[in-house]
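Take a look at the structure set out below.
Every chain is numbered from 1 and lettered A, B, ... according to where its sequence line falls, protein lines coming before strand lines. All values below come from the heavy atoms of this structure, side chains included, with hydrogens, waters and symmetry mates left out. Everything numeric in this text was worked out from a predicted model, so none of it was measured.
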Amino acid sequence: MIRPLRRRHLLFAVLMLLSLPLLVVFSFFKHRSNGVVENQIENLLNAEIEDFPLVVWNKPHLWTNLPELETQLLASVDIEARLAIRLSSVGSVHHPDILIYWSPRAYTTRSGISENMHLLGVYQNDLNPILELPDEIKDKDGFLIMYSLAMDEFVSEAPLNIPRNM
Amino acid sequence: MKPIEPRDDKDQEFFIGWEQKVPPRQKKFLYNRLIGIFTFAFLVAILLPALQVHYSQSFHYKNRLVNLEGYFTKNPLPSLLVKRPGGIGEEIPSYSIYYLSYPQKRAIPLEVADMYDSQWVSLRGTLLFNQSDTMIEVQPRSIDVINYYENTPPRPIIPEKSLGIHELKGELLASKTYLGATNPGYGKALRASSVLHVTGGIAPMLVINLPEDTTHEFILIGENNIPIEAIAPYVGTEVKIKGEVIVWGDKLVLKTNLTMINGGQS
Amino acid sequence: MSFSYKAIDWTPFKRAINNYLWVGISSYLALFTLASILFTPTISLNIMLIRAFGSAAFLLLHIILAIGPLCRIDSRFLPLLYIRRHMGVSCFILALMHGLLVIFTHHTGSDVHPLVSVFSSDSGSTISTFPFQAFGAIALGIMLVMAATSHDFWLKNLSAPIWKSLHMLVYIAYICIIIHVTMGILQTENSIVYFLLIFAGVTTLCTLHVYAAIKEFRTDFTAKTNSDGDLVETFPVEDIPEDRARIINLHGERVAIFKHDGKIYAVSNVCQHQNGPLGEGKIINGCITCPWHGMQYHPENGCAKEPSTEKIPTFNTVIKDGVVWVDHKPNLPGSPVKPAVIHEAH
């Protein structure tokens with residue numbers, strides 16, 4: 001009476017042992033990686049990186065409240081001696097649409113973003129990771145301002161000192 | 001032939017459910033195993049989150065309403081163009097582009113987009129964003145036309161540059177899930193959600209993972225700036241798409257049609 | 001086994017294990033949450049809870065399904081049989097939380113009905129489009145039926161064979177859950193540790209079941225062959241422990257031979273409650289007591305102790321020269337039988 005039940009149990013257990021581990025192995029081999037590929041249109045999007053091969057300085061801990069953010073001052077080798085800023089990627093900036101400005105003075109809430117502040121670009125934009133300094137400010141000391149346009153909020157700032165022998 | 005031995009000899013403890021106490025040796029045996037099971041379970045509880053894929057950071061600030069003013073455009077997809085303050089050189093776009101959506105898994109309805117297209121508006125909503133893109137989940141009925149009377153600003157000019165026809169390989173997702181509706185916003189486990197977003201009208205996005213943790217994100221639109229119908233089955237899968245790459249402001253757009261996805265195979 | 005149905009027949013042991021169970025579950029969920037916040041601080045709350053409840057239910061199900069074969073392999077695990085139903089209902093609660101969160105997070109907010117969406121939104125024939133969520137829903141449905149019929153009330157009213165068959169659907173649910181996990185979250189995560197953990201769990205559980213099944217199946221072919229007409233020789237009286245039994249295989253069925261109070265009794269080894277092995281039980285207060293759930297039978301007639309009404313077949317026994325002989329033809333269930341008296345035989 002119970003033997004058919006035991007027989008059925010054995011058969012089912014063997015079928016499970018043969019099939020389920022195989023299923024796990026199958027899913028492992030069919031698993032898709034995160035699909036990292038080479039940049040398929042790199043030469044069309046990041047043309048400016050090669051324009052600034054010289055690293056003038058590389059400073060961490062420059063930005064308020066963002067100690068892990070590294071800032072590089074880059075220079076071109078052509079006769080125009082252009083300068084640009086490059087910022088490393090940092091995990092702790094939780095603001096949308098961060099714009100990077102150059103300002104002659106430190107940010108105050110009262111003055112906000114004024115017309116004498118120059119927009120250098122968007123933070124961490126993969127299209128334009130290099131923020132070139134306009135000619136009119138490239139030999140002036142000032143401040144870099146991080147501002148979130150979507151939240152209308154100041155995020156951080158860093159002093160920007162240009163070496164005099166540039 | 002040997003008899004079938006009982007598992008217990010006559011001195012073995014015996015317990016049945018309605019007895020109040022478990023025999024001591026059995027109790028000790030069980031509690032030792034319980035400790036082992038607890039230890040293993042707690043290890044798993046720590047290991048699983050620790051070994052999770054570390055997803056790209058995206059956020060949805062559901063509890064913070066923002067009020068924004070800008071230029072509403074429905075092409076190539078419903079977006080708000082917000083003027084950037086300060087001094088802006090010629091090479092840098094003077095407007096930020098924020099994609100627009102409705103709550104949950106719905107896009108801005110066509111009639112709403114038609115009503116406010118090419119007008120200066122104010123709206124209220126919550127923000128979804130990652131390091132590259134921002135989307136506003138607009139509160140329904142919060143969009144108002146701004147009447148500037150005779151001082152209406154000129155229509156924004158967003159630089160548009162075609163980079164030609166390219167075949168790109170990446171993962172097709174719903175822009176809203178990727179930008180923070182959930183985090184993570186991609187992967188097999190999230191596919192159903194992405195499909196529902198796309199069938200609700202949310203623009204699909206082609207995400208290409210590059211070395212050094214960078215990504216390129218292309219908003220997908222159909223030719224003539226209309227959404228691509230029947231794209232939902234491709235969402236949440238790896239695809240090869242051939243199309244025209246356009247830089248729109250500082251956004252990447254891929255214009256294509258259904259026949260250009262995976263070589264036209266469904 | 002009682003006609004006055006209580007929600008749960010609590011004993012100190014059951015309470016203690018139940019408390020440990022829920023302390024364990026709560027601690028697991030808390031630890032998982034803390035670890036998620038630590039390692040992936042930007043993860044959405046819903047996603048985190050979905051994974052916490054899902055993984056907790058998955059782990060608990062493995063423990064529950066291991067109890068059966070472990071009890072066959074080592075009788076010291078038997079007390080866990082009494083808490084298995086609690087664990088099963090707890091597992092269902094965790095799985096239900098997981099399912100509800102999934103539906104709320106991924107399937108609401110569109111024009112498609114959430115329950116329709118579970119089966120249709122992510123469907124296709126490739127790995128990328130495999131409908132893994134449908135398998136999760138099927139498993140949850142089976143677990144719902146099992147949780148709803150977990151009480152003894154249903155065991156009594158559906159009858160033991162039907163109730164047992166219904167609850168054997170847990171293995172179908174388990175297979176559906178393995179498909180759900182391997183075609184779902186395992187396609188999202190990259191760490192090989194995820195695969196190894198699941199592979200280890202599946203293999204261990206299935207191996208335990210096969211081992212227990214082979215052990216039981218093999219003993220079905222260990223049979224006594226020395227016979228005298230209908231009587232089959234078994235073993236010496238002194239080899240049978242007092243108040244315990246020896247089990248023999250008679251023509252395909254197991255028979256339990258008990259020694260109690262100077263007498264020898266032989267009954268079917270199969271308990272009518274849930275097919276437990278009576279021969280591995282003990283005589284307590286003059287009744288054969290099943291080691292699985294404590295069902296009791298009078299050895300002299302095979303009738304369950306009042307108020308239960310189950311009956312088991314009895315067998316005639318004779319002692320010849322200190323050896324017990326058993327008539328291989330069973331008496332009808334509940335038939336009174338004259339035991340072989342040891343003192344007379346000697």
(request) Kindly compute the distance separating CD1 (C:Ile50) from OG1 (B:Thr182), expressed to the nearest 0.5 Å. (result) 8.5 Å
(message) Could you measure the distance from the NE2 atom of B:His60 to the OG atom of C:Ser44? Nearest 0.5 Å is fine.
(response) 10.0 Å
(request) For residues B:Gln26 and C:Ser75, report the shortest heavy-atom separation together with the two atoms involved. (result) NE2-O, 3.6 Å
(message) Check this for me: B:Phe29, atom CZ, are more than 12 non-hydrogen atoms of other residues, nucleotides or ligands nearer than 6.0 Å?
(response) yes
(message) Just so I know, are the side chains of B:Leu48 and C:Glu189 near enough to count as touching, which here means a heavy-atom distance under 4.5 Å?
(response) no
(request) Counting only heavy atoms closer than 4.5 Å, note whether C:Thr129 contacts chain B via side chain, backbone, both or neither. (result) both
(request) Assess whether atom CD1 of C:Ile37 is packed by more than 12 heavy atoms of other residues, nucleotides or ligands within 6.0 Å. (result) yes
(request) Go through the atoms of C:Ser27 and report whether side chain, backbone, both or neither lie under 4.5 Å from a heavy atom of chain B. (result) both
(request) Please round to the nearest 0.5 Å and tell me the distance separating atom NE2 of B:His197 and atom NE2 of C:His106. (result) 10.5 Å
(message) Measuring only between side-chain heavy atoms, which start at C-beta, is C:Ile17 closer than 4.5 Å to B:Tyr31?
(response) yes
(request) Output the distance between atom CD1 (C:Ile47) and atom CD (B:Gln52), rounded to the nearest 0.5 Å. (result) 10.0 Å
(message) Which heavy atom of B:Gln104 sits nearest to which heavy atom of C:Gly109, and what is that distance?
(response) OE1-CA, 3.3 Å
(request) Pick whichever of C:Gly184, C:Pro12, C:Ala256, C:Ala52 has the most heavy-atom pairs under 4.5 Å with chain B. (result) C:Pro12
(message) So, taking the atom named CG in B:Leu34 and the one named CG in C:Leu80, what distance separates them when rounded to the nearest 0.5 Å?
(response) 8.0 Å
(message) If you define the side chain from C-beta out and look only at heavy atoms, does anything of B:Leu196 sit under 4.5 Å from C:His107?
(response) yes
(request) Examine distances only and state if a side-chain atom of B:Lys188 and a backbone atom of C:Ile185 form a donor-acceptor pair shorter than 3.5 Å. (result) no
(request) Apply ring pair (Phe, Tyr, Trp, His ring centres under 6.0 Å) to C:Phe130 and list each qualifying residue two or more places apart in sequence or on a separate chain. (result) C:Phe135
(request) Given side-chain contact (heavy atoms from CB on, under 4.5 Å), test C:Phe39 with B:Leu51 step by step and report yes or no. (result) CA-CA 8 Å; C:Phe39 293 107; B:Leu51 296 171; over 6 Å; no
(request) List for me each residue that meets side chain to side chain donor-acceptor pair (under 3.5 Å) alongside B:Ser58, sequence neighbours excluded, and say none if there are none. (result) B:Asn183
(message) So for C:Met183, is it side chain, backbone, both, or neither that comes closer than 4.5 Å to the heavy atoms of chain B?
(response) backbone
(request) Enumerate by number any residue of residues 35-47 of chain B whose heavy atoms lie under 4.5 Å from heavy atoms of chain C; in the absence of such residues, state 'none'. (result) B:Ile37, B:Phe38, B:Phe40, B:Ala41, B:Phe42, B:Val44, B:Ala45, B:Ile46, B:Leu47
(request) Below 4.5 Å from any heavy atom of chain B, which atoms of C:Ile63 appear? Answer side chain, backbone, both or neither. (result) side chain
(request) Please determine, among C:Gly24, C:Pro131, C:Ser55, C:Pro41, the option with the most heavy-atom pairs under 4.5 Å with chain B. (result) C:Gly24
(message) Can you tell me how far apart OG (C:Ser123) and CZ (B:Arg191) are? Round to the nearest 0.5 Å.
(response) 7.5 Å
(message) Going by ring pair (Phe, Tyr, Trp, His ring centres under 6.0 Å), name the residues that satisfy it together with C:Phe13, two or more places apart in sequence or in a different chain.
(response) B:Phe15
(message) Between C:Asp111 and B:Arg106, does any side-chain N to carboxylate O distance fall below 4.0 Å?
(response) yes
(message) Closer than 3.5 angstrom, by distance alone: can the side chain of C:Thr188 be matched with the main-chain N or O of B:Ala189 as a donor-acceptor pair?
(response) yes
